[in-house]
Amino acid sequence: MSDYKKIEAKWQKKWEDEKSFVADNNSTKEKYYYLVEFPYPSGAGLHVGHCRSYTALDALARKKRMNGYNVLFPMGWDAFGAPAEQYAIKNHIHPSVAVKENIKTFKGQVKSLGLSIDWTREFSTTDPEYYKWTQWQFLKFFEKGMAYKAKKNINWCPNCKMGLSNEDSSGGVCERCGHSVEQREKEQWMLRMSDYAEDLIKGLDDTDFQERIKTAQINWIGKSEGAEVNFKVKETNEDLVVYTTRPDTLYGVTFMVVAPEHPIIEKNKNIISNMDEINSYKDAAKNKTEFERTQVNKDKTGVKIEGLTGINPITKKEIPIYISDYVMMNYGTGAIMAVPAHDERDFEFANKFGIDIIPVIEQITGTPRDDEKKKNSIVAVLFDEENNKYLTINWGNLGGRLFVGGTRKDNESPLECAIREIKEETGYTDITYMHDIFPINHHYYAHNKNQAYEIESTGLLFKLNSNKKVEVELDDDEKDNFKVEWVDKNKIEKEVVDELHITTFRNLLKPTAYIADGKMVNSDILNGLTNKKDSIEKMLEYLEENNLGKRKTNYKLQDWIFSRQRFWGEPIPLVHCKDCGWVAVDDKDLPVTLPEVVNYEPTDDGESPLAAITDWVNTTCPKCGNPAKRETDTMPNWAGSSWYWLRYMDAHNDKEFASKDALKYWGKLDFYNGGMEHATRHLLYARFWNQFLYNNGLVPNKEPFKTRVSHGMILGEGGVKMSKSLGNVINPNDMIKEYGADALRCYEMFIGDYEKEVAWSEQGLNGCKRFIDKIVRIGDKLSNDTSYTKELESIIHKTIKKVTEDIDNMKFNTAVSALMILLNKYEEQDKITKKDYRTFLLLFNPIAPHITEELNEKYDLGEQLCKSSWPTYDDEKTIDEEKEIAVQVNGKVRATMKISINEDEEEIKKKALALENVINHTKDKEIIKVIVIKGKIVNIVVK
RNA sequence: GCCUGAGUGGUGGAAUUGGUAGACGCGUUGGACUCAAAAUCCAAUGGUAGCAAUACCGUGUCGGUUCAAGUCCGACCUCAGGCACCA
């Protein structure tokens, strides 16, 4: 509707002219700082997904202003990095030109939404005035020894011709283009982010991030507490240190594994007798990508190192050493002690290579009691392959369905015992032993004997060969006690409830390592302990006392690879001098700007395009003045976004990245919205960067963000992802043209739970336009009254309360719904007052700012809404005098009735029992009790 | 495999934290207005049976706690996201 277009343009201009949303750095009001992650101004333009979070934060910001806060709600552009560069290469435009164009389009689109952004603080990360300070801050890292250059095996995308961080190459494919990633060795600038691992975990306590974001970060940092244990190599007497989180299982170590790259191999190549075999394994491992190597479901491979023998420091036992690629050189010490009984991977490896498995933890079932008698016993499962059934004994009331079980006689092995019991109880004799499982420590109480037992039970699996049977000799009364039955797996899972028997059955079918708590066995000093924590603690103390190892915490978080061999990034402001090494560019010479070049495409050899520009590369050493060369790598695109929220506080300061006063006044970012995909990357980098600045006295807060929220994605109609190839991409511009910005905003807020993904529906959008049309039409009903219409007073107060709370809690969908309900009530009236109408417009203003301002002005209802105060409500007026409540009989609703607020319980009871349909359901029955929950429900219990 | 979430009509989604399940919107059906269409307005709309009053069933599945369960507990299934040979 062109009317709406005109209205929108009018108000957008007015806000700009009147500087309505320019934040004041010198205000005495309380501050509040909202931010949406700044966008890449890509050529594709604005997406309806952008509109969702922009509108949401805009609504919050607008409401907060009406609540009397000094609100900062800025926006800028994250225009460095691969996306902008790829776009530029594709369209054969210089990145800086392309970026300028894209920003213009993008900004126009964003503006048409009518956001209350303070555009005076706008900047792009590609502005030299901005990246001057990115470079300046990088030099602080460099100064403090936090940046270093290292040869790194990096993830290389041959398609983008670019090195990628681990974060950018998860799953073994390039985040950007989907091409699979190769390994390449490169000298790279690194930031010591791993030094901050602990602080990054601890700092989360000072934030209000959603739990899912906190967990994602904690997982990513990957803290694990354990120990380094000094194993010895028998032949050379050197230490082979391993890292383990389970020192409690040390007695169960039956072999060791080192990573293929482990230096012990090269060091001892003269005494290792199978170096050829080992070298070819190493080569094979090297050629595998990180992704292939870290595939979980891959078969275990490895080679035994002939000529080196490990010695367990606790048991002094000699054990073999293997190399295998399931051990990583870059984590822990690159060597592990293997405990196949209690680690899945070691279990798999041991089974494949035929290595001993020694259990040191017994699974416990049942409940331990005092004064237990000890017994050894077996549980035998007999499998009939032909019919896919298992042999069970149905004891009926005496114990339900069980397998064959029994107590071992003196000197009887578990196998002998099992064969005997099967024969005695069921008669089957033609059976073959398959395998057994680790003993289980079971506790039970025999009521008939009035005695508690602790048994060590071995589970054994047999296969039935034929139905050959011997006669079972049973007493008459025994015969009636149980039935021998063949049943299938489903029935067993349902009917076998005895913990020992069902656990045995499951373990027999799927033998695995046992990793949970249990009773320590075969472990000398630990024997008898039943708690993992205690066992670990005891072993740690022992190791430390005897100098055999020490406590150690490890993190998965690696240092941040900070170089890119690309053109379109902030140049790393360092110079390499033959005599002085790496030297920082003087502050006065910042920014180091990008040269004007013709060819900005990346090179095949992986060098930055900058390296070819000799004029730019050749410079003088800032320290000694001799000829020197500039670093030609640039920063990753994460750099510019690692501190940008600080710049908004004082966006055009050319003396500092932001003044101390501004940093202090705006403080922490109160409310930060961004995609879930940035929960572990951008958000960690930004927190790390900020913590570093804080530790060096450059910012006043250690944690930069208070609250972090993520919006759900908007999918195409039908719930599929919007994509160009499917042709279901919705262009917000078209929607604004057709339905108006307010309708689009309203719909995106009404569409569903803000945090969940949701399917787009144009009909839904149309519904919101109808709602707005209705608001306009209802202006005809305006009377000159200046107080609330009496009939509407209660619902207006309720709606103010609801909308206030809902917007504060980001429950925009129910806020809009409450306004729809209120409008429906207005429609039922012949006339509504100016106050009725203005209150409605105020409440709807954060979501639909243009039309509400227009109507407010048209009917001369008062001051501009964005300059007015948020409406208040009277709690007393939100309480109903009369209420309809349900009357249940035995929990089923049989009638409803109206009660007034002060009616007492007896009266309500009486009224309820007199209701016709209640009588129908209570007559001929005894009324046991009547439950009255005031103002809610009556439930009559009858028999 | 582990860690988060989440499963409610034809559909997007509500449900005061244990108290009338399906608010509000969309769609659908019928009606009004109109020469007609659009727009607008009115009515109905979880399923089954019934003219109706009403009854039974119904929030992924199975079980439990409770006067009362979408909501709490236990087991499982499915989907989405994150992590993943990290010792």
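Keep in mind that what you see is a predicted model, and the values were worked out from it rather than measured. Order of the sequence lines sets the chain letters (A, B, ...), proteins ahead of strands, with each chain counted from 1.
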Original post:
Phe750(A) and Phe812(A): aromatic ring centres closer than 6.0 Å?
Top reply: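 Judged by ring-centre distance (under 6.0 Å), Phe750(A) and Phe812(A) do not meet the cut-off.
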
Subject >> Centroid separation Tyr331(A) to Tyr555(A) less than 6.0 Å >> reply: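 Centroid distance Tyr331(A)-Tyr555(A): not below 6.0 Å, so no.
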
Mind calculating the distance between [atom1] ([X]) and [atom2] ([N]) to the nearest angstrom?
{"X": "Asp806(A)", "N": "rA15(B)", "atom1": "CG", "atom2": "C1'", "answer": "13 Å"}
{"X": "Glu762(A)", "N": "rC26(B)", "atom1": "CD", "atom2": "P", "answer": "14 Å"}
{"X": "Lys756(A)", "N": "rG81(B)", "atom1": "NZ", "atom2": "C1'", "answer": "14 Å"}
{"X": "His711(A)", "N": "rA80(B)", "atom1": "NE2", "atom2": "C1'", "answer": "16 Å"}
{"X": "Met328(A)", "N": "rA84(B)", "atom1": "CE", "atom2": "P", "answer": "11 Å"}
{"X": "Lys798(A)", "N": "rU16(B)", "atom1": "NZ", "atom2": "C1'", "answer": "11 Å"}
{"X": "Met713(A)", "N": "rG12(B)", "atom1": "CE", "atom2": "P", "answer": "16 Å"}
{"X": "Ile847(A)", "N": "rC24(B)", "atom1": "CD1", "atom2": "P", "answer": "18 Å"}

Original post:
Along nucleotides 57-67 of chain B, 5' to 3', which nucleotides get a B, which get an S, and which get a -, given that the test is a protein heavy-atom distance under 4.0 Å?
Top reply: S---------B

Original post:
Could you write nucleotides 38-54 of chain B as a row of B, S and -, 5' to 3', where a protein heavy atom under 4.0 Å of any base atom gives B, of only sugar-phosphate atoms gives S, and otherwise -?
Top reply: --SS------------S

For the [atom1] atoms, the ones on [N] and on [M], what distance do you get once it is rounded to whole angstrom?
{"N": "rG50(B)", "M": "rC56(B)", "atom1": "C1'", "answer": "12 Å"}
{"N": "rU66(B)", "M": "rU71(B)", "atom1": "P", "answer": "16 Å"}
{"N": "rA14(B)", "M": "rU8(B)", "atom1": "C1'", "answer": "10 Å"}
{"N": "rC57(B)", "M": "rU4(B)", "atom1": "C1'", "answer": "35 Å"}

Original post:
How would you label the contact of Glu755(A) with the nucleic acid (heavy atoms, under 4.0 Å): base, sugar-phosphate, or nothing?
Top reply: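 Result for Glu755(A) = nothing.
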
Subject >> Sugar-phosphate only, base, or nothing, as touched by Gly767(A) at under 4.0 Å among non-hydrogen atoms >> reply: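 Gly767(A): backbone/sugar contact only, no base atoms under 4.0 Å.
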
**OP:** Show your working on side-chain hydrogen bond (donor to acceptor under 3.5 Å, both in side chains) between Thr799(A) and Tyr873(A) and close with a plain yes or no.
**Re:** CA-CA 9 Å; Thr799(A) 307; Tyr873(A) 61 90; over 6 Å; no

Subject >> Positions of residues 814-824 of chain A (non-hydrogen atom under 4.0 Å from RNA chain B), listed by number >> reply: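 The answer is Thr814(A), Ser817(A), Met820(A), Ile821(A), Asn824(A).
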
Can you figure out which of [options] approaches the side chain of [X] most closely?
{"X": "Asp753(A)", "options": "rU20(B), rC85(B), rA14(B)", "result": "rA14(B)"}
{"X": "Asn219(A)", "options": "rC24(B), rA87(B), rG82(B)", "result": "rG82(B)"}
{"X": "Thr244(A)", "options": "rA87(B), rU20(B), rC83(B)", "result": "rA87(B)"}
{"X": "Phe750(A)", "options": "rG25(B), rA87(B), rG19(B)", "result": "rG25(B)"}

For residues 756-767 of chain A, which side-chain donor-acceptor pairs fall under 3.5 Å, sequence neighbours excluded?
| unit_1 | atom_1 | unit_2 | atom_2 | d |
| --- | --- | --- | --- | --- |
| Ser761(A) | OG | Gln763(A) | N | 3.4 |
| Ser761(A) | OG | Gly764(A) | N | 3.0 |
| Glu762(A) | OE2 | Tyr739(A) | OH | 2.8 |

Subject >> Chi-angle category of rU40(B) [syn within 90° of 0, anti beyond] >> reply: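 Judged by the O4'-C1' to base torsion, rU40(B) sits in anti, the angle falling more than 90° away from 0.
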
Original post:
When you check the glycosidic angle of rG9(B), does it come out syn, meaning within 90° of 0, or anti?
Top reply: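 Chi for rG9(B) falls in the syn range.
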
Subject >> Approximate separation, where rounding is to 0.5 Å, of Leu744(A) CG and Cys768(A) SG >> reply: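 Here the rounded value is 9.5 Å.
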
Original post:
Between the side-chain atoms of Lys556(A) and the base atoms of rC83(B), is any donor-acceptor pair under 3.5 Å?
Top reply: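 When only heavy-atom distances are counted, Lys556(A) does not reach the base of rC83(B) through any donor-acceptor pair under 3.5 Å.
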
Can a side-chain donor-acceptor contact be found between [Y] and [X] if the only test is distance below 3.5 angstrom?
{"X": "Ser53(A)", "Y": "Tyr754(A)", "value": "no"}
{"X": "Asp806(A)", "Y": "Thr814(A)", "value": "yes"}
{"X": "His711(A)", "Y": "Glu755(A)", "value": "no"}

Original post:
Please, what dot-bracket string fits RNA chain B when only Watson-Crick and G-U pairs with both distances under 3.5 Å count, crossing ones use [ ] and pairs to another strand use |?
Top reply: (((((((..(((......[....)))((((((.......))))))((((....))))..(((((..]....))))))))))))....

**OP:** Nearest-nucleotide wise, let me know which of Met676(A) and Gly764(A) is further upstream toward the 5' end of RNA chain B.
**Re:**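 Result: Gly764(A).
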
**OP:** Check the pair Phe844(A), Phe771(A) against ring pair (Phe, Tyr, Trp, His ring centres under 6.0 Å), reporting the backbone distance first and the verdict last.
**Re:** CA-CA 11 Å; Phe844(A) 195 40; Phe771(A) 172 54; 5.3 Å; yes

Original post:
Could Glu748(A) and Arg52(A) be called an ion pair, given the rule that one side-chain N must be under 4.0 Å from one carboxylate O?
Top reply: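 Here Glu748(A) does not pair with Arg52(A) in a salt bridge, since their nearest N and O are not under 4.0 Å apart.
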
Original post:
Does a salt bridge link Glu228(A) with Lys550(A), judged by any charged N lying under 4.0 Å from a carboxylate O?
Top reply: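 Looking at Lys550(A) together with Glu228(A), the answer is yes, because their closest N to O distance falls below 4.0 Å.
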
**OP:** Please report the shortest heavy-atom distance between His678(A) and Arg708(A), naming the atom on each side.
**Re:**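 For His678(A) and Arg708(A), the tightest heavy-atom pair comes out as CB-NH2, 4.0 Å.
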
**OP:** Can you see which heavy atom on Lys909(A) is nearest to which on Val930(A), and at what distance?
**Re:**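 Reported closest heavy-atom pair: CG-CG1, 3.5 Å.
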
Please list, one pair per line, the donor and acceptor atoms closer than 3.5 Å that link side chains of residues 935-943 of chain A to other protein atoms, with sequence neighbours excluded.
| unit_1 | atom_1 | unit_2 | atom_2 | d |
| --- | --- | --- | --- | --- |
| Asn939(A) | OD1 | Gly891(A) | N | 3.1 |

Original post:
Out of Ile847(A), Ile751(A), Ile821(A), which residue meets the side-chain contact (heavy atoms from CB on, under 4.5 Å) rule with Val816(A)?
Top reply: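 Testing Val816(A) for a side-chain contact (heavy atoms from CB on, under 4.5 Å) against Ile847(A), Ile751(A), Ile821(A) leaves exactly one candidate, Ile847(A).
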
